[in-house]
Amino acid sequence: MEIDGAKLRIRRQLSGQTMAGFAARCGIHVSYVSHIERGERDRVSPEKFASICDALGVAADQRHTMLTAAAQRRVRAAA
């Protein structure tokens with residue numbers, strides 16, 4: 001899954017979560033979250049993507065909004 005790091009950072013900050021607290025909620029290392037948010041890593045496993053969305057409170061039918069623009073286009077084209 002190609003997650004949009006900028007969207008992740010904004011949603012995390014708006015939810016009032018620190019990077020360390022968020023990482024702990026997701027069960028991932030804080031440096032992993034940092035790499036995603038800085039755009040150094042955008043591919044995550046479906047399981048990690050789900051845990052990130054859960055920690056942000058993103059509803060299942062809205063999770064596609066957390067994908068990169070390119071990934072969203074591919075999803076729409078496949079539908």
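Just so you know, these numbers come straight off a predicted model, no measurement behind them.
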A.B. asks: Test side-chain contact (heavy atoms from CB on, under 4.5 Å) on F22 and V30 and set out the steps.
C.D. replies: CA-CA 8 Å; F22 177 74; V30 68; over 6 Å; no

A.B. asks: Using only atom types and a distance under 3.5 Å, with no angle test, would you say the side chain of R25 pairs donor to acceptor with the backbone of A55?
C.D. replies: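 Between the backbone of A55 and the side chain of R25 there is a qualifying donor-acceptor contact (under 3.5 Å).
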
A.B. asks: Among R74, E2, R73, which residue satisfies the side-chain hydrogen bond (donor to acceptor under 3.5 Å, both in side chains) criterion with T68?
C.D. replies: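 The passing option is E2.
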
A.B. asks: M66 vs C53, test: side-chain contact (heavy atoms from CB on, under 4.5 Å). Steps then yes/no.
C.D. replies: CA-CA 8 Å; M66 293 300 296; C53 289; 4.1 Å; yes

A.B. asks: From I52 CD1 over to Y32 OH, what is the distance, rounded to the nearest 0.5 angstrom?
C.D. replies: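 Answer for the CD1-OH pair, I52 versus Y32, is 6.5 Å.
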
A.B. asks: State, to 0.1 Å, how close S15 and L56 come at their nearest heavy-atom pair, and which atoms those are.
C.D. replies: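 Distance-wise, the nearest heavy atoms are OG-CD2, 4.5 Å.
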
A.B. asks: More than 12 non-hydrogen atoms from neighbouring residues, nucleotides or ligands closer than 6.0 Å to CZ on R41, yes or no?
C.D. replies: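 Result for CZ/R41: open.
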
A.B. asks: Does a salt bridge link D4 with R9, judged by any charged N lying under 4.0 Å from a carboxylate O?
C.D. replies: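 Salt bridge: no.
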
A.B. asks: Minimum heavy-atom separation for H29 to A23, with atom names?
C.D. replies: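 What the structure gives for the nearest pair is C-CB, 3.9 Å.
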
A.B. asks: Please determine whether side-chain contact (heavy atoms from CB on, under 4.5 Å) holds for the pair M19 and R12, giving the CA-CA distance in whole Å, both sets of side-chain angles, and the decisive distance to 0.1 Å.
C.D. replies: CA-CA 8 Å; M19 194 178 296; R12 177 186 58 76; 3.8 Å; yes

A.B. asks: Of I3, D42, V75, which is the lone residue that meets side-chain contact (heavy atoms from CB on, under 4.5 Å) with L67?
C.D. replies: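 Testing each of I3, D42, V75 against L67, the sole residue satisfying side-chain contact (heavy atoms from CB on, under 4.5 Å) is V75.
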
A.B. asks: Can any side-chain N or O of R63 pair as donor or acceptor with the backbone N or O of V58 at less than 3.5 Å?
C.D. replies: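 It does hold such a pair.
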
A.B. asks: Using the test salt bridge (Lys or Arg N to Asp or Glu O under 4.0 Å), find all partners of R38 that sit at least two apart in sequence or belong to another chain.
C.D. replies: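 Result, salt bridge (Lys or Arg N to Asp or Glu O under 4.0 Å) vs R38: E40.
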
A.B. asks: Quick check: closest heavy atoms across T65 and R11, and the distance to 0.1 Å?
C.D. replies: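 Where T65 meets R11 most closely, the heavy atoms are OG1-NH1, 4.2 Å.
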
A.B. asks: To check you understand the geometry: which heavy-atom pair defines the closest contact between V44 and K48, and what is its length?
C.D. replies: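 Looking at all heavy atoms of both residues, the closest pair is CB-CB, 4.2 Å.
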
A.B. asks: By side-chain contact (heavy atoms from CB on, under 4.5 Å), which residues pair with T18, not counting sequence neighbours?
C.D. replies: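 Applying side-chain contact (heavy atoms from CB on, under 4.5 Å) to T18 gives A20.
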
